[in-house]
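Read the structure below first, then the notes.
Only a predicted model underlies this, so the values are computations on that prediction, with no experimental measurement involved. Lettering of chains follows the sequences in order, A, B, ..., and the numbering in each one begins at 1.
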2 protein chains.
Amino acid sequence: MLADPTRATFCVALLDGRAWTANELATLAGVSAPTATGHLHRLVDSGLCTERRQGRHRYVQLADPETAALIESLAGHSQAPAVAPSGLRASTASAALARGRTCYDHLAGRLGVAVTDAMTDRGILDRTAGFALSDKGRDWMTTALGVDTAAWSRGRRPAVRECLDWTERRSHLAGLAGAAVCARFLESDWVRRIGSTRAVRLTDTGAEALGELLALDTATLR
Amino acid sequence: MLADPTRATFCVALLDGRAWTANELATLAGVSAPTATGHLHRLVDSGLCTERRQGRHRYVQLADPETAALIESLAGHSQAPAVAPSGLRASTASAALARGRTCYDHLAGRLGVAVTDAMTDRGILDRTAGFALSDKGRDWMTTALGVDTAAWSRGRRPAVRECLDWTERRSHLAGLAGAAVCARFLESDWVRRIGSTRAVRLTDTGAEALGELLALDTATLR
DNA sequence: GGGACGGTTCGGCGACCGCCGAAATGTCGC
DNA sequence: GCGACATTTCGGCGGTCGCCGAACCGTCCC
């Protein structure tokens, strides 16, 4: 199912966690609308995606975080692209993605890895044996981010998960904690989406906040 | 690469962590030798597998634990097999696999999940936030298993990793800790391979040892 | 109502790719 | 050297599947 280049392109696009319409995906992948329709039917039938009909539009998105994690891990294992993007526009877009982006519902790129590293340095994450939130980390989630971590023990989704970043080739934070951090950062406008892409950029207030909360040097992230 | 049924069968077989010859894999997957050769070339070229020539034999195995983890996660996401294995022999073999098996280099099946659960109950694993080894767990590794956990901080492979068990549909322990547990159990003859398959069974001494070390009730695992 | 537009169904074309048999190569054991 | 055996190369067959154009169905907006 994921082996077809067109469907793979769809899924990577859907990794941004948003719902796309059939035509958007068709244009992105460079195929005709009928082709895209057929692929989307198969993705929905196989349970990888879900759809929401709304008027004459059909919005498709990944079925759940587990599916997103699977696609991430496949993307992480695929070799680096053979050719670098050419052209000013493409390379600007690709640079923006490398700097910071969302990966389903958490942060990735240099920004995502930097935040994860800073959380480790500050003792919020414990990476000496596995990838876990320390006691201090649980406090930090509540006081700094206003997140109720007690609710995390219920449910199937892991609280903390490691996700291989395919541009940085290093791990960043995923799971419920990663999603909470990303959501809070977007809500507080510390991080803002660039247009309607997956790419995000750090705002001025965001840079300041991350300096205070995580002693993070944001100079290379802007 | 992994989408072809024959190659997928090869990779799942290789999940036992051992090296297989081309003919063994051909027989298992029900294809001719030339077909198997072609597939193995592609798997090696793509970096998923490595080969070791030895006389007139060609031994193939998975390239590294990361690759094994990828295949595991794909296997975990594939739907349950539509048809139950039929025939006495097939169902005995499948029951043995469900009871206990190796999953690349760690334990899986009911046995793997039970050991993981027991380690959690005894406070060796901390699953309240992520999947990590507690301080107590590090001591246990050293005293009970004679494993030096200090060496784990170096290297890319995570010390503790969660692996979705495709028969139990629950997580079991993987990563360096999972590999250490499995290796130690096999060395001590607490667990023994059934023939040359991935399936393993608990020995009498093993049942006793697990009762002492983990307060594990092994009645349903035999 | 009528045009615009998103999405869908149908039919058919073409390419890719997995498969095998036959024959070749290389290794082992005697 | 010679037969047995594991593996490989080659050539060719066949099915699957992705793709598109054309025509069709709904919904939205004027």
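- Nearest to the side-chain atoms of B:R53 among the listed nucleotides C:dG18, D:dT7, C:dT8 stands D:dT7.
- Distances shorter than 4.0 Å separate some side-chain N or O of B:R42 from OP1 or OP2 on C:dG18.
- The residue among B:L40 and A:P5 whose nearest nucleotide of DNA chain D lies closer to the 5′ end is B:L40.
- In this entry the distance linking CG of A:D45 with C1' of D:dC17 reads 16 Å, nearest Å.
- Here the P atom of nucleotide D:dT16 and the CE atom of A:M1 are 16 Å apart, to the nearest Å.
- For the pair A:H39 and D:dC19, the criterion of a side-chain N or O lying under 4.0 Å from OP1 or OP2 is met.
- One finds no side-chain N or O of B:N23 lying less than 4.0 angstrom from the OP1 or OP2 phosphate oxygen of D:dC5.
- Atom CD in B:Q54 sits about 12 Å away from atom P in D:dT7, given to the nearest Å.
- For the pair B:T6 and C:dC19, the criterion of a side-chain N or O lying under 4.0 Å from OP1 or OP2 is met.
- With C:dC19, D:dG18, C:dT8 as the choices, the nucleotide that has an atom nearest any side-chain atom of B:V31 turns out to be C:dC19.
- For B:H39, there are no ring pair (Phe, Tyr, Trp, His ring centres under 6.0 Å) partners at least two apart in sequence or on another chain.
- Around the CD atom of B:E187, the shell of radius 6.0 Å holds more than 12 heavy atoms that belong to other residues, nucleotides or ligands.
- Separating the OH atom of B:Y59 from the P atom of D:dA6 is a distance of 11 Å, rounded to the nearest angstrom.
- Taking CG of A:L173 as the start and CZ of A:R127 as the end, the distance is 9.0 Å to the nearest 0.5 Å.
- Between A:D117 and A:R110, no side-chain nitrogen of the basic residue sits less than 4.0 Å from a carboxylate oxygen of the acidic one, so the salt-bridge criterion is not met.
- Between D:dT8, C:dG7, C:dT9, one nucleotide has an atom nearer to the side chain of B:T37 than all others, and that is D:dT8.
- Remark: A:D16 does not engage A:R193 in a salt bridge, criterion side-chain N to carboxylate O under 4.0 Å.
- Between A:T9 and A:T6, the side chains place no donor N or O within less than 3.5 Å of an acceptor N or O (distance only, hydrogens not considered).
- Going from atom CD of B:E24 over to atom C1' of D:dT7 covers 13 Å, rounded to whole Å.
- Looking at the side chain of B:R56, the nearest of the listed nucleotides C:dG26, D:dT7, C:dA4 is C:dG26.
- In this structure, A:R7 does not reach the D:dC17 phosphate: none of its side-chain N or O atoms is under 4.0 Å from OP1 or OP2.
- Remark: P of D:dC28 and NE2 of A:H57 are 8 Å apart, rounded to the nearest angstrom.
- Listed nucleotides: C:dT8, D:dC19, D:dT7. Nearest to the side chain of A:A33: C:dT8.
- Between B:R58 atom CZ and C:dT27 atom C1' the separation is 16 Å, expressed in whole Å.
- Rounding to whole angstrom units, CZ of residue A:R52 and P of C:dG6 are separated by 18 Å.
- Distances from the side chain of B:T35 to the nucleotides C:dT9, D:dC19, C:dC20 place C:dC20 closest.
- Residue A:S32 has its side chain nearest to D:dC20 when only C:dC20, D:dT7, D:dC20 are considered.
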